[in-house]
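These numbers come from a predicted model, not from an experiment. Note that these values count all heavy atoms, side chains included, but never hydrogens, waters or copies made by symmetry.
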Amino acid sequence: MRVLLATPYDPAVVHQHAADDVGRPFLAALATLVELHVYAPGATPRSAEGYVVHGGVRPSTAPSRHLGVLPAAVRKDWGRANDAEFGRLRRMLVPDRTHFEYLQTFGAALSQPDDRWSITLHDVSSTVFSQRARATHGAERAYRRVEAVRVAALERRALGRARQAFALSERDVRQIAPATREPVLLRLGVDRPDVAWTHRRTDAPTFVFAGAMWRDANARAARYLVDEVMPHLSAACSTARLRIVGAGPPADLVARSSANVDVVGAVPDFDDEFFAADATIAISLVDAGVLLKAVRAMRCGAPVVLNSTAAEPLAIEDGVHALVRDDPAQLAAALLALWRDEDLATRLGSAGAAHVVARGDWHRTAEDFVRALREQP
């Protein structure tokens, strides 16, 4: 089977967000099962890890992208020229299946001449944009509401035309089911590191929150931790520190740095942060997608505190795989409980690692993906 896959993110580049956790391992595994061709804007044409990468022009970041027919978010990493280039590549290769990754590629997806294509939603964009609009104010809120409407309309069109639509959690499958003919659950693979987290005996506990901070959802969660959770944490333990790590923190988040809060920015490897912290806090304020940084922390054996929104897509059981709390005071208390109780932290860390690793590796993800493609005539 020849598969042509479109992605806005070159798998050879570090993008400082969740695509780094998914792109390279999934594509390498997929290439062992099919003849794989990948198109990515700005990529250098090459053969790598068993598949062929077809490069394309870099999308324009000009303000005019906000004025087009498609939402500005779609044109951020994938421009009109990429739509045309991808169309020419598809006609040249004549693939058995065409697959699109992420919202940004939907413009090219909608230009397909038939329905022999599928899409993967790494989150439900209509939900993300709607909740983002509700969280803003003034002129920005008006703009975000318009973008949310445009994104929802585009998403419905793409889901309605795709032969298959893949989502990464049962919650997301339920959300897209009314709009698509065949929603498919695709569980992302997990590779366990060679070493595991161990409890540290310290007088000054350190807790970490990780994610691409230029993404609004992560920045909102970080602000919530600083403004709502840290006062409870500091009141109970004056030496407790929160490290917020990830590329591109906005200025107002950096300004929240203090003696107890470190807004670090980009780091070489999130895993190093998980291993060094007394516990990881992984919360989400958006009811869509899978919090991959929670998966990464858990696979390291680190004890993790989540809220219900982050825990549900991963089928996390409170007190079995992690601690799940929704109130700011309870979140703070859960972090301190893991710091103080070595047995609890070690037990939850070990059980959490076993839980996420049981989801299977990337080869299993690729096998499930190809099986779903082959089941369609």
Side-chain angles (χ1 to χ4, degrees), residues 8-9 14-22 61 66 71-74 76-77 102-104 122-145 147-148 151 206-233 241-258 260-268 270 273-274 277 280-297 304-311 313 326 328 331-332 335:
Y9 305 118
V14 175
H15 299 279
Q16 296 287 350
H17 57 76
D20 297 335
D21 298 335
V22 177
T61 57
H66 292 268
V74 173
K76 178 177 180 291
D77 302 298
Y102 298 97
L103 169 71
Q104 292 92 320
H122 289 253
D123 53 35
V124 182
S125 299
S126 55
T127 299
V128 173
F129 277 74
S130 175
Q131 294 185 356
R132 181 179 184 180
R134 289 198 296 270
T136 56
H137 304 280
E140 182 183 0
R141 184 173 191 179
Y143 169 75
R144 296 297 176 194
R145 290 180 68 177
E147 279 289 280
V151 165
T206 297
F207 307 111
V208 66
F209 175 73
M213 292 303 148
W214 55 264
R215 293 199 63 188
D216 179 72
N218 290 329
R220 284 173 53 201
R223 295 184 191 102
Y224 175 83
L225 292 176
V226 176
D227 298 344
E228 303 296 333
V229 177
M230 274 306 298
H232 297 282
L233 197 57
R241 296 175 61 209
L242 173 66
R243 281 177 64 84
I244 298 172
V245 299
D252 72 290
L253 182 56
V254 174
R256 285 170 163 82
S257 299
S258 67
N260 297 94
V261 176
D262 297 323
V263 181
V264 180
V267 294
F270 283 157
E273 297 290 331
F274 301 141
T280 295
I281 184 162
I283 65 168
S284 177
L285 304 182
V286 178
D287 298 324
V290 173
L291 203 60
L292 294 182
K293 297 306 178 287
V295 176
R296 279 190 64 173
V304 177
V305 176
L306 306 98
N307 63 349
S308 298
T309 300
D326 290 306
L331 286 167
L335 289 169

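No more than 12 heavy atoms of other residues, nucleotides or ligands sit less than 6.0 Å from atom CZ of Arg215.
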I'd like to know whether Asp252 forms a side chain to side chain contact (heavy atoms under 4.5 Å, CB included) with Arg223, so could you lay out the CA-CA distance, the side-chain angles of the two residues, the decisive distance to 0.1 Å, and finally the verdict. CA-CA 9 Å; Asp252 72 290; Arg223 295 184 191 102; 2.6 Å; yes
Checking side chain to side chain contact (heavy atoms under 4.5 Å, CB included) for the pair Arg145/Thr136: CA distance, chi angles, key distance, verdict? CA-CA 9 Å; Arg145 290 180 68 177; Thr136 56; over 6 Å; no
Before you tell me yes or no, could you show the steps for Asp20 and Arg296 under salt bridge (Lys or Arg N to Asp or Glu O under 4.0 Å), namely the whole-Å CA-CA distance, both residues' side-chain angles and the distance that decides it to 0.1 Å? CA-CA 12 Å; Asp20 297 335; Arg296 279 190 64 173; over 6 Å; no
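Side-chain atoms of Asp21 and Lys293, non-hydrogen and from C-beta on, do get closer than 4.5 Å to each other. By the 4.5 Å heavy-atom criterion applied to side chains, Ile244 and Val226 are counted as neighbours. At a threshold of 4.5 Å between non-hydrogen side-chain atoms, the residues Arg243 and Thr206 count as touching. Side-chain contact check for Leu103 versus Phe129: some heavy-atom pair is nearer than 4.5 Å.
A pairwise comparison of heavy atoms in Ile283 and Asn307 identifies CA-OD1, 3.5 Å as the closest pair. The heavy-atom pair separating Leu331 from Leu306 by the smallest distance is CD2-O, 4.1 Å. Contact record, Met213 with Pro249: CB-CA, 3.5 Å, taken as the closest heavy-atom pair. Minimum heavy-atom separation, Ala282 to Val304: CB-CG1, 4.1 Å. Heavy atoms only, all atoms of each residue included: His232 and Ala332 are closest at CB-CB, 3.8 Å. The shortest non-hydrogen separation linking Phe209 to Ile281 is CD1-O, 3.2 Å.
Not a single donor-acceptor pair under 3.5 Å links the side chain of Asn218 to the backbone N or O of Ala210.
Looking at Thr127 and Asp287, their side chains never bring a donor and an acceptor atom within 3.5 Å of each other.
Taking the six-membered ring where tryptophan is involved, the planes of Tyr102 and Tyr9 are perpendicular, since the angle between them exceeds 60° and thus also 30°.
To the nearest 0.5 Å, the span separating CG on Leu242 from CE on Met230 amounts to 6.0 Å. Between the OG1 atom of Thr309 and the CD atom of Gln131 there is a distance of 8.0 Å, given to the nearest 0.5 Å. The CD atom of Glu147 sits 7.0 Å away from atom CZ of Arg144, with the distance rounded to the nearest 0.5 Å.
Considering Leu225, Val305, Leu335 in turn, Leu335 is the only one that fulfils the side-chain contact (heavy atoms from CB on, under 4.5 Å) rule with Phe207.
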